[in-house]
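Let me begin by presenting the structure, written as structure tokens, before commenting on it.
Not measured: the values here are computed from a predicted model. In what follows, chains carry the letters A, B, and so on, assigned in the order in which the sequence lines appear, proteins first and then strands, with residues in each chain numbered from 1.
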Protein chains: 2
Amino acid sequence: MPKNKKTTPEPTNAELEILQVLWEHGPSTVRQIHEQLSHRRATGYTTTLKLMQIMVGKGLLARDESNRTHLYRDAQTREKTQRQLVRSLMQRAFDGSAAGLVMQALSTQKASSEDLAEIRRLLDELES
Amino acid sequence: MPKNKKTTPEPTNAELEILQVLWEHGPSTVRQIHEQLSHRRATGYTTTLKLMQIMVGKGLLARDESNRTHLYRDAQTREKTQRQLVRSLMQRAFDGSAAGLVMQALSTQKASSEDLAEIRRLLDELES
DNA sequence: TATTGTCAACGAAAACTTTCGTAGATTATG
DNA sequence: CATAATCTACGAAAGTTTTCGTTGACAATA
């Protein structure tokens, strides 16, 4: 009985870690997610399970229950989730300024020259 | 007896709202912050006060107690805090990719052509 | 079939964040 | 001076997130 909220809530930090694994590996079981997660953080299996159940409740994940071992996948596209997070940070810390955020991002960590080229291409698109 | 943590923790959402007001108006009293804040959210004066006291404890704010009415200011520069948040989001949702984050940010909201030009300048710098 | 292992479900504890009521001190006002 | 207003401090309640122990169902296997 999924909740019927208008908007999907933002994933919490722990939830995002699970999403990252799903983004990298595609639909997975709890066991698989937990396996990957345990390389980064030290939490129990049931913690991961519980989080994923909560995420289904929130509409962040969907699952296939046709087998005993459920298969989970992201309910939103990666891009949609990322956009939501970026928009949120932009509002909360950059007063809504995309340029401000972009500039901090670029000065924060060196992007590869391919990345920079791709950003240029995007700029060209946006200006046309 | 201030804590002596090596790194300043990330501001929470409510804390970030307070920082935004400080960024806009400069060093302020609790009353002033609360006044500004009340335009966006509905919380009591003591809530704002308590948050700001916690923020001092965390090292997010500093205060001048020489007068009865304390004067608060940000303990980190705006840019430092923003970079910290951007870096965190980059890690948590973009697998450390600055380019990925930048591209979502640019496609999220139209930046002005001056902004775009400024970003180009930054790209030029980064490539040299 | 009996034992062992894996799974989902549940609930509650622990940790963290946000809220505000109350108290005591200081300053302003009548 | 007495009263009211304003401020900091404190602590605890309410809300949210993260953690994990335990249980019962099912499956693999000896």
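B:I33 places its CD1 atom 12 Å from the P atom of D:dT8, with the value rounded to the nearest Å. Spacing between atom CE of B:M55 and atom P of C:dC16 amounts to 18 Å, rounded to whole angstrom units. B:L49 places its CG atom 13 Å from the P atom of C:dC20, with the value rounded to the nearest Å. Per the geometry, CD belonging to A:E65 stands 14 Å off P belonging to D:dC26, to the nearest Å. One interatomic measurement links the two molecules: NE2 of B:H34 to P of D:dA5, which rounds to 17 Å at whole-angstrom precision. Separating the CG atom of B:N67 from the P atom of C:dA28 is a distance of 11 Å, rounded to the nearest angstrom. C:dC16 atom P lies 15 Å from atom CG of B:L60, rounded to whole Å. Distance CE (B:M52) to P (C:dT19): 14 Å, rounded to an integer number of Å.
In this model, a side-chain donor or acceptor of A:R68 finds a partner on the base of C:dT6 within 3.5 Å.
Under the 4.5 Å side-chain heavy-atom criterion for grouping Ile, Leu, Val, Met, Phe, Trp and Tyr, B:L49 is connected to B:I18 within one hydrophobic cluster.
Here the closest heavy-atom approach between residue B:P11 and residue B:Q84 is recorded as CD-OE1, 4.3 Å. When every heavy atom of A:P9 is checked against every heavy atom of A:L60, the shortest pair comes out as O-CD2, 3.5 Å. For A:M55 against A:L19, the heavy-atom pair with the smallest separation is CE-CG, 3.8 Å.
With a 4.5 Å cut-off on side-chain heavy atoms, A:Q32 and A:E35 do not count as touching.
With C:dT27, D:dC26, C:dA9 as the choices, the nucleotide that has an atom nearest any side-chain atom of A:R63 turns out to be C:dA9.
Between C:dT6 and A:R31, no contact under 4.0 Å exists linking OP1 or OP2 to a side-chain N or O.
Distance check: A:E17 CD to A:Q36 CD gives 12.0 Å after rounding to the nearest 0.5 Å.
Under 3.5 Å, the side chains of A:D95 and A:S97 contain no donor-acceptor pair of N or O atoms.
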Exercise. Quick one: what's the B/S/- string for nucleotides 11-22 of chain D, heavy-atom cutoff under 4.0 Å, read 5' to 3'?
Worked result: B-----SBBBBB
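Base engagement by A:Q53 is indicated by at least one non-hydrogen atom pair under 4.0 Å involving a base atom.
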